[in-house]
Amino acid sequence: MYLPVAPKDYTAKTEELDDLFQAVADLRPLKCRYKSGSRGNEETIVIHPYAMVLYKDAIYCVGLHTGKGEVRTFLLDRMRDTESSALERFDLPADFRVDDYFQGGFGIWRGSSKIKVVIDFDAAVVELVRSRRVHETQKLATLPDGTLRLTMTVGALTELSSWVLGWGRMARVVEPEELASSVKSELQGALARYGADGPRADSGRTHTRAKGSEGRTAHRRGG
């Protein structure tokens, strides 16, 4: 049995999923309306879909954007009005490797950047960290104080912040400074939502209960 954390609901995308699967299986061009994640606009594009990828229970397509002449990743959620060509086919490039578009558990991106990441983990989670392989370049080393140091080289930091934050106080970013600053910013922003002295709503309810209790005591004394 497989229990996904937060599965995508594709009940409204059955036609798009069928068309994409057929296009990948038969190497057929796929025409669709696609909404840009960064710009928010929608345009009609033609894709040569090379592979389908299931990442964090979301379906992606790695393929050639024929209009741009670039291999990109496309999210099924942003596709509509799909149409797999019934007459045309394309050739899969001999040098295409879908693995080139992954960076372990940190997303589906491809780039020339190589960023060294160093993270120290508390001794309490050493065994848990050792049991997972999150990136093909990862190296683990036990430090004199019992903490565990993870070193790896990634292509992008986009998803690293949320991953580090998931470890709470058990993880500390050593480098790069850009990642450490991103984690600090997220923590400070989260803390600011609770205020310096804790949640106001709870304080208010506590104060109300206290006043009510004092009132009932005074009433009993007076009665």
Consider only side-chain heavy atoms of I, L, V, M, F, W and Y, link residues closer than 4.5 Å, and tell whether [X] and [Y] are in one cluster.
| X | Y | result |
| --- | --- | --- |
| Val46 | Tyr60 | no |
| Leu75 | Leu17 | yes |
| Leu187 | Val174 | no |

- [ ] Decide whether Asp18 and Gln22 meet the rule of one side-chain donor and one side-chain acceptor closer than 3.5 Å.
- [x]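 No.
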- [ ] Consider only side-chain N and O atoms of Ser161 and Ser182, and report whether a donor and an acceptor are under 3.5 Å apart.
- [x]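 Per modelled atom types, Ser161 and Ser182 side chains form a pair under 3.5 Å.
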[atom1] ([X]) with more than 12 external heavy atoms under 6.0 Å:
| X | atom1 | answer |
| --- | --- | --- |
| Gln138 | CD | yes |
| Asn41 | CG | yes |
| Glu42 | CD | yes |
| Phe90 | CZ | yes |

How long is the straight-line distance from [atom2] of [Y] back to [atom1] of [X], given to the nearest 0.5 Å?
| X | Y | atom1 | atom2 | value |
| --- | --- | --- | --- | --- |
| Arg33 | Lys35 | CZ | NZ | 11.5 Å |
| Arg78 | Cys61 | CZ | SG | 13.0 Å |
| Leu160 | Ile119 | CG | CD1 | 6.0 Å |
| Lys114 | Thr137 | NZ | OG1 | 10.0 Å |
| Ser84 | Asp26 | OG | CG | 7.0 Å |
| Phe21 | Thr82 | CZ | OG1 | 14.0 Å |

Which heavy-atom pair separates [X] from [Y] by the least distance, and what is that distance?
| X | Y | value |
| --- | --- | --- |
| Leu157 | Val154 | CD2-CG2, 4.0 Å |
| Asp81 | Glu16 | N-OE2, 3.7 Å |
| Val24 | Pro49 | CG2-CB, 3.6 Å |
| Thr11 | Thr14 | O-CG2, 3.6 Å |
| Val98 | Ala51 | CG2-CB, 3.8 Å |

- [ ] Any pair with a residue in residues 162-171 that passes side-chain hydrogen bond (donor to acceptor under 3.5 Å, both in side chains), sequence neighbours left out, goes on the list, sorted by first then second residue, please.
- [x]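 Passing the test, one end in residues 162-171: no pairs.
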Task: Stepwise side-chain contact (heavy atoms from CB on, under 4.5 Å) test for Leu64 and Tyr50 - done: CA-CA 7 Å; Leu64 176 70; Tyr50 295 160; 3.5 Å; yes
- [ ] Show the numbers, then the answer: is there a side-chain contact (heavy atoms from CB on, under 4.5 Å) between Thr66 and Lys31?
- [x] CA-CA 10 Å; Thr66 60; Lys31 181 180 179 182; over 6 Å; no
Holding to side chain to side chain contact (heavy atoms under 4.5 Å, CB included), I want the full list of residues that pass it with [X], two or more places apart in sequence or in another chain.
| X | result |
| --- | --- |
| Glu43 | Arg39, Ile45, His65 |
| Arg130 | Val126, Leu140, Thr142, Leu148 |
| Tyr10 | Lys8, Lys13, Ala58, Ile59, Leu76, Asp77 |
| Lys116 | Val118, Thr151, Glu175 |

Open item on the list: Show every salt bridge (charged side-chain N to carboxylate O under 4.0 Å, His left out) that has at least one partner inside residues 132-148, sequence neighbours left out.
Closed with: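 Found none.
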Would you call [X] and [Y] a side-chain contact if the rule is heavy atoms closer than 4.5 Å?
| X | Y | result |
| --- | --- | --- |
| Val62 | Val71 | yes |
| Thr153 | Ile115 | no |
| Leu3 | Met1 | yes |

Open item on the list: Determine whether a donor-acceptor pair (N or O, by modelled atom type, separation under 3.5 Å) exists between the side chain of Ser85 and the backbone of Pro29.
Closed with: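 Between the backbone of Pro29 and the side chain of Ser85 there is no qualifying donor-acceptor contact (under 3.5 Å).
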TODO: Ignoring hydrogens and angles, tell me if any N or O in the side chain of Thr147 forms a donor-acceptor pair with the backbone of Leu143 under 3.5 Å.
DONE: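 Here the side-chain-to-backbone pair does not exist.
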TODO: Please lay out, stage by stage, how Asp19 and Leu30 fare under the test side-chain contact (heavy atoms from CB on, under 4.5 Å).
DONE: CA-CA 8 Å; Asp19 286 340; Leu30 181 75; 4.0 Å; yes
Task: Steps toward side-chain contact (heavy atoms from CB on, under 4.5 Å) verdict (Val53, Phe102) - done: CA-CA 10 Å; Val53 178; Phe102 290 89; 3.2 Å; yes
TODO: Decide if the gap between the ring center of Tyr34 and the ring center of Phe74 is smaller than 6.0 angstrom.
DONE: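 Yes, close enough.
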Open item on the list: Tell me if the centroids of the rings in Tyr101 and Phe96 come within less than 6.0 Å of each other.
Closed with: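 Ring-ring flag for Tyr101/Phe96: true, centres closer than 6.0 Å.
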